[in-house]
Amino acid sequence: MVLSDKSIKDALLSGRIRIEPFDPDDIQPSSVDLHLGSHFQVFRNSRYPYIDPTREQAGLMELVQASAEEPFVLHPGEFVLGTTIERIVLSDELVARLEGKSSLGRLGLLIHSTAGYVDPGWDGKLTLELSNVANLPIVLSPGMAIGQISFSQMSTPVERPYGTPGLGSKYQGQSDVAPSKMFKNFDR
């Protein structure tokens with residue numbers, strides 16, 4: 001069951017959902033608007049001849065900071081990582097789904113490739129997988145509404161929330177844009 005605006009407010013009041021910083025005006029009928037942070041991870045294409053998910057590739061990505069005066073320009077066909085301003089914390093009985101804003105999608109901006117799912121027990125900022133599928137560059141200004149998060153009630157609280165030791169939760173507690181840690185899934 002997807003939570004309504006009223007249920008989202010109740011979950012925020014009870015602490016089952018935490019959003020920091022939070023503006024009540026960001027609550028939509030069945031979601032909460034999230035905003036773009038100022039940090040981006042961009043690929044350094046000259047560093048490696050290919051991406052190998054099985055090993056750590058130091059320097060594969062470079063941190064870039066944007067500002068209101070110098071926003072980030074996402075070029076056609078480009079893929080970068082961004083982050084939300086908001087830190088999201090979920091109880092062990094709620095799961096969330098990150099989606100793009102319709103108005104930005106109509107301009108060709110995708111905010112996630114596959115990682116739109118937020119597990120019960122999650123605590124941290126959300127990394128955005130930003131792609132421009134339009135034919136013109138898109139200006140991304142820190143602070144702009146970038147996506148929306150909806151929440152669903154689990155049938156029961158989970159037994160092993162995200163972040164449980166031994167679960168392999170690689171991104172718990174992230175406070176900034178985080179590049180892939182897929183290499184940790186492979187035993188060398």
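Position 1 is the first residue of the sequence, and the numbers go up from there. Please read all numbers here as calculations on a predicted model, not as lab measurements.
- Here CG of Leu12 is found 10.0 Å from NZ of Lys9. Values are rounded to the nearest 0.5 Å.
- Between the side chains of Glu99 and Ser31, no donor-acceptor pair is found at a separation under 3.5 Å.
- Remark: Lys6 engages Asp10 in a salt bridge, criterion side-chain N to carboxylate O under 4.0 Å.
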Task: Derivation and outcome, side chain to side chain contact (heavy atoms under 4.5 Å, CB included), residues Phe186 and Arg55 - done: CA-CA 8 Å; Phe186 296 89; Arg55 61 183 72 237; over 6 Å; no

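- Although no hydrogens or angles enter the test, the distance criterion places no donor-acceptor pair under 3.5 Å between the side chain of His39 and the main chain of Asp176.
- Residues that satisfy the salt bridge (Lys or Arg N to Asp or Glu O under 4.0 Å) test with Glu20, not counting sequence neighbours, are Arg18, Arg87.
- With rounding to the nearest 0.5 Å, the separation of CG in Asp92 from OG1 in Thr164 is 9.0 Å.
- Here the closest non-hydrogen pair linking Ile8 and Ser30 is CD1-C, 3.9 Å.
- To the nearest 0.5 Å, atoms NZ (Lys101) and CG (Leu36) are separated by 13.5 Å.
- Checking side-chain atoms of Glu86 against main-chain N and O of Phe22 turns up no donor-acceptor pair under 3.5 Å.
- Contact record, Pro71 with Ala66: C-CB, 4.0 Å, taken as the closest heavy-atom pair.
- When side chains are defined from C-beta on, Leu60 does not count as touching Arg47, because their heavy atoms never get closer than 4.5 Å.
- Shortest non-hydrogen contact noted between Lys170 and Asn185 is NZ-OD1, 2.9 Å.
- No side-chain heavy atom of Asp33 sits less than 4.5 Å from a side-chain heavy atom of Asp23.
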- [ ] Take Leu110 and Phe79, measure what side chain to side chain contact (heavy atoms under 4.5 Å, CB included) needs, and give me the verdict at the end.
- [x] CA-CA 10 Å; Leu110 307 178; Phe79 175 86; over 6 Å; no

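- Considering every non-hydrogen atom in both Ser67 and Pro142, the closest pair reads O-CD, 3.7 Å.
- In this structure, the side chains of Ile146 and Leu109 come closer than 4.5 Å at one or more pairs of heavy atoms.
- Ile111 and Val64 fall within the same hydrophobic cluster, defined by Ile, Leu, Val, Met, Phe, Trp and Tyr side-chain heavy atoms under 4.5 Å apart, directly or through other members.
- Closest approach of Leu107 and Ser103 over heavy atoms only: CG-O, 3.5 Å.
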TODO: Walk me through it: do Val177 and Val80 pass the test side chain to side chain contact (heavy atoms under 4.5 Å, CB included)?
DONE: CA-CA 10 Å; Val177 59; Val80 302; over 6 Å; no

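- The backbone N or O of Lys125 lies less than 3.5 Å from a partner atom in the side chain of Gln174, making a donor-acceptor pair.
- Between Glu56 and Lys181 there is no side-chain heavy-atom pair separated by less than 4.5 Å.
- Taking CZ from Arg160 and OG from Ser169, the interatomic distance works out to 8.5 Å, rounded to the nearest 0.5 Å.
- Considering only heavy atoms from C-beta on, Ser152 comes within 4.5 Å of Val2 through its side chain.
- Distance check, rounded to the nearest 0.5 Å: NE2 of His112 to CD of Glu129 gives 8.0 Å.
- Placement of Ile85 and Ile149 in two distinct hydrophobic clusters is found when ILVMFWY residues are connected by side-chain heavy-atom separations under 4.5 Å, directly or transitively.
- Annotation: the span from Leu81 atom CG to Leu130 atom CG amounts to 7.5 Å, rounded to 0.5 Å.
- The closest side-chain heavy-atom distance from Val95 to Pro120 is below 4.5 Å.
- With contacts defined as side-chain heavy-atom distances shorter than 4.5 Å, the pair Leu104/Met144 qualifies.
- Within the structure, every pair that satisfies the ring pair (Phe, Tyr, Trp, His ring centres under 6.0 Å) test and touches residues 119-172, not counting sequence neighbours, is listed here: Trp122-Tyr162.
- The two residues Pro76 and Pro137 make their nearest non-hydrogen contact at CD-N, 3.8 Å.
- Put simply, the side chain of Thr84 gets close to the backbone of Leu126: a donor and an acceptor are under 3.5 Å apart.
- Note on Val158: it clusters hydrophobically with Tyr117, by side-chain heavy-atom contacts below 4.5 Å among ILVMFWY residues.
- The hydrophobic cluster containing Leu34 also contains Leu3, counting ILVMFWY residues as joined when their side-chain heavy atoms lie under 4.5 angstrom apart, directly or transitively.
- Under a cut-off of 6.0 angstrom, the local environment of CD in Gln153 is crowded, with over 12 non-hydrogen atoms contributed by other residues, nucleotides or ligands.
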Task: Stepwise side chain to side chain contact (heavy atoms under 4.5 Å, CB included) check, Ile19 with Asp26 - done: CA-CA 11 Å; Ile19 301 174; Asp26 289 331; over 6 Å; no

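- Put simply, the side chain of Gln57 does not reach to within 4.5 Å of the side chain of Arg44, judged on heavy atoms.
- The backbone N or O of Leu74 lies less than 3.5 Å from a partner atom in the side chain of Asn132, making a donor-acceptor pair.
- Tracing side-chain contacts under 4.5 Å through hydrophobic residues (I, L, V, M, F, W, Y), one never reaches Phe72 starting from Met61; they form parts of separate clusters.
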